[in-house]
Amino acid sequence: MPFAAHEAKEASEVLRAWIVDSGLHVSLQRGFEDPAVWGVLLSDVARHVAKIFETENVCSQDEALEAIKATLDAEWDAPRDSTTQAIQ
């Protein structure tokens with residue numbers, strides 16, 4: 001749990017994700033009245049992921065975001081199957 005969540009008067013967890021035997025497993029709560037807020041949340045998560053790739057000198061933040069968005073667009077248009085598998 002983030003430190004800020006410990007200190008906050010109000011905090012709620014909306015998403016956890018695990019890779020189990022190469023498959024993605026999630027635990028989530030709806031969390032918001034407007035489903036569009038999930039678009040903001042997922043975009044923010046993508047930016048955090050991109051920062052990690054840059055911090056670890058894997059690629060630039062822009063390159064990571066471009067790869068994430070390209071794959072998201074491809075998966076959105078043609079999902080691989082009903083069971084998400086981690087790409088390793």
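Excluded from the calculations below are hydrogen atoms, water molecules and symmetry mates; all remaining heavy atoms, backbone and side chain alike, are included.
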I'd like to know if I19 and L42 are part of one continuous hydrophobic network [Ile/Leu/Val/Met/Phe/Trp/Tyr, side-chain heavy atoms within less than 4.5 Å].
yes
Report whether L15 and W18 are members of the same hydrophobic cluster (ILVMFWY, side-chain heavy atoms less than 4.5 Å apart, transitive linking).
no
side-chain contact (heavy atoms from CB on, under 4.5 Å), that's the test. Do D73 and K69 meet it? Break it down for me.
CA-CA 6 Å; D73 289 343; K69 186 172 185 315; 2.9 Å; yes
Are F53 and S60 packed together at the side-chain level, in the sense that at least one heavy-atom pair is separated by less than 4.5 angstrom?
no
Rounded to the nearest 0.5 angstrom, the NE2-CD distance for H48 and Q61 is 10.0 Å
F32 side chain reached by R30 side chain, heavy atoms, under 4.5 Å:
no
Candidate pair L41 and V14, rule side-chain contact (heavy atoms from CB on, under 4.5 Å), full reasoning
CA-CA 10 Å; L41 182 145; V14 294; 3.6 Å; yes
Closest heavy-atom pair, A5 versus A11, reported as atoms and distance to 0.1 Å, is O-CB, 3.9 Å
Quick check: is V58 connected to L65 through a chain of hydrophobic side chains (ILVMFWY, heavy atoms under 4.5 Å apart)?
no
Between atom CG of L72 and atom CG of D77, what is the distance when rounded to the nearest 0.5 Å?
9.5 Å
Locate the shortest heavy-atom distance separating I68 from A46; write the atom from each residue and the value.
CD1-O, 3.9 Å
Worked check of salt bridge (Lys or Arg N to Asp or Glu O under 4.0 Å) between E13 and R16
CA-CA 8 Å; E13 182 175 80; R16 282 189 187 197; 2.8 Å; yes
According to a hydrophobic-cluster definition based on side-chain heavy atoms being under 4.5 Å apart (Ile, Leu, Val, Met, Phe, Trp, Tyr only), do W38 and L24 belong together?
yes
Would you say V49 ends up clustered with W76 if hydrophobic residues are merged whenever their side chains have heavy atoms under 4.5 Å apart, either directly or through other cluster members?
no
